[in-house]
Each structure stands twice: as C-alpha cells, then as structure tokens.
Amino acid sequence: MANTDSDCRPKYQRIADSLREAIKSGEYGPGDRLPGENELMATYGVARMTARQALSVLRDEGVAEARKGAGVFVRAFRPLRRRGIQRLSQEQWGSGRSIWSADIENRALEVDQVTVSEEAAPDHISTVLDLDDEETVCVRRRRFVLDGKPVLFATSYLPTSVVAGSAITQEDTGPGGTYARLAELGYKPVHFREEIRSRMPSKDEAAQLSMSAGTPVILLCRTAFANEGRPVEINEMTLDAASYILEYDFDA
C-alpha cells in the first residue's frame, strides 16, 4: 500500500491518496478500520503529525469517520443521490407520493423532531413571500433520518392566510405532502427555485446531524411559486454534505 512515486505532493496527501485507492479497490470496505497513526508512521516512515494529517484528509472528505477511542473507519453510510428536478415534478407529489420517494429507493426514512407553529415572519421570509407587516407564517420544522443517520433538517415557511385550517398546519400533511395540499387549496406549485450555498456547520448543526468533524453543510433554499409567480412556500434546508450527491438531470 506504500506509495513510492516520487512527486512533489506533500507526504500526507500521498498517504491519503493511497488509502483512498485501497478503499476504492475494496481492500477496506464500509465499516472497516483504517491503519492508525502508529501503523502509518511505520509503513511510510513519517512523523505522527503527517500520519494524522493523512487521516484528517479522508475524514474531511467524508470518506472516513473517527470513533472516539477506537480509530478511524471507512464511512459505512451510502450517500443519498438527491434528484433535484425529478423529485419536484407534479407527477411525483400530485399522485400522492412523497418527493423523497424519488431519491431513497427502498431505504428506511424516518422524519422526527416535527413541530408546526404560527409565528411572525423573519424579515427575509416576509420580503420573499410579499407579506404585509402583520401577516404571520406557518412554520414547519423537521429532521430527516435515513438508514438511522440524520441527513437533513428543514424549516418551511408558508403564509398563514393561505394554509390556515388545512392539513399543512398538522404534523402529518397526508399523501403527497405540502405541495399536494397547496394544490387542493388553489395554490398549486408550478415553478420552483433552489439556491445552494455551503459553509462549515455550527456546533448545534453538527450535533443535530451527527456529523464528523471537518464536514461542511449544504444550505439549500427552495421557493415554490403558484400561478402568476406568487411565492407560497420557502423551505430552508441544512444538509450533511458527506451524505449527499446533488443530481440535476435535464434536457438541453
């Protein structure tokens, strides 16, 4: 496994590349323990800091995860391929299917930490939804756990004047979810806009998503529009970057 190539890359990067190739080849499978710092020091003849940096590279990439007192292991969780366009089609939610069903295949999905409340709209939400000063919003907060791993938490904002008295104000919105209920209320989503950013997580975000140290979050903000360009929902999502592949498949 030792890398004998003479190149100008830092030693820790060459070690990380070698370990990554060993993972890709199947030498180390999901959940397997990787060589520790002492093993890497002996194999490559490097200092402890160099060995530590090599393992840190794999952790930062989401390829491996550290377990306190046990070592560094190949990440066992299979990333979720989020099909950004197919999942939002009317064919999906209009037929009573969850938009998540376009992504998860037969994997186990649990939604927890669900809360629904009526609140004053934050300024940036009020501006996008074009609300009057005194108008409130229905706020839906929830976390999504895939195969036992928290992968995303989301906060949706909808005008109270639009959704009051509907299933959207309940924890369980019913078949097809929020978008199917909006359609029944006469506010069928006909257009979506998603904005994507990334940054390092806060301490609370990292804890809520059970994230490995050094892993960034993806911030995804989706706005749903009804006819005549009326915005009817803003969904602010925080994703564990190591748990996702964002896929956008569309015709030229």
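What's counted below: heavy atoms across the whole structure, side chains too, no hydrogens, waters or symmetry copies.
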Can you list the steps and then say if Gln170 with Arg140 is a side-chain contact (heavy atoms from CB on, under 4.5 Å)? CA-CA 9 Å; Gln170 306 300 314; Arg140 298 182 53 83; 5.7 Å; no

Could you walk me through whether Val116 and Cys138 satisfy the side-chain contact (heavy atoms from CB on, under 4.5 Å) test, starting with their C-alpha distance in whole Å, then the side-chain angles of each, then the deciding distance to 0.1 Å, before giving a yes or no? CA-CA 7 Å; Val116 185; Cys138 172; 3.8 Å; yes

Evaluate the side-chain contact (heavy atoms from CB on, under 4.5 Å) criterion for residues Leu152 and Tyr244: first the C-alpha distance (whole Å), next the side-chain angles of each, then the deciding distance (0.1 Å), finally the verdict. CA-CA 10 Å; Leu152 173 151; Tyr244 274 91; 3.5 Å; yes

Stepwise, does the side-chain contact (heavy atoms from CB on, under 4.5 Å) test hold for Leu219 with Ile196? CA-CA 6 Å; Leu219 305 178; Ile196 301 174; over 6 Å; no

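Of all heavy-atom pairs spanning Leu40 and Ala51, the tightest one is CB-CB, 3.8 Å. Across all their heavy atoms, Leu58 and Ala16 have their closest contact at CD2-O, 3.8 Å. When all heavy atoms are compared, the tightest approach of Leu220 to Glu194 is CD2-CD, 3.5 Å. Heavy atoms only, all atoms of each residue included: Cys221 and Ile234 are closest at SG-CG2, 3.8 Å. Listed here is the closest heavy atom pair of Arg97 and Glu91: NH2-O, 3.4 Å. Here the shortest heavy-atom pairing between Pro189 and Ala224 reads CB-CB, 4.4 Å.
Just one of Arg75, Arg82, Arg143 meets the salt bridge (Lys or Arg N to Asp or Glu O under 4.0 Å) condition when paired with Asp240; it is Arg75.
With Phe73 as the aromatic partner, Arg67 meets the cation-pi criteria of under 6.0 angstrom to the ring centre and within 45 degrees of the ring axis.
Applying the side chain to side chain contact (heavy atoms under 4.5 Å, CB included) criterion to Asp204, with sequence neighbours excluded, gives Ser202. Applying the side chain to side chain contact (heavy atoms under 4.5 Å, CB included) rule to Ser161 yields the partners Glu135, Pro159, Arg230; only residues at least two apart in sequence or on another chain are considered. Gln113 is linked by a side chain to side chain donor-acceptor pair (under 3.5 Å) to Gln208, counting only residues two or more places apart in sequence or in another chain.
Ring-centre distance between Phe192 and Tyr179: below the 6.0 Å cut-off.
Taking the six-membered ring where the residue is Trp, Phe225 and His191 present tilted rings, their angle falling between 30° and 60°.
Electrostatic pairing of Arg197 and Glu195 does not count as a salt bridge here, judged by no charged N lying under 4.0 Å from a carboxylate O.
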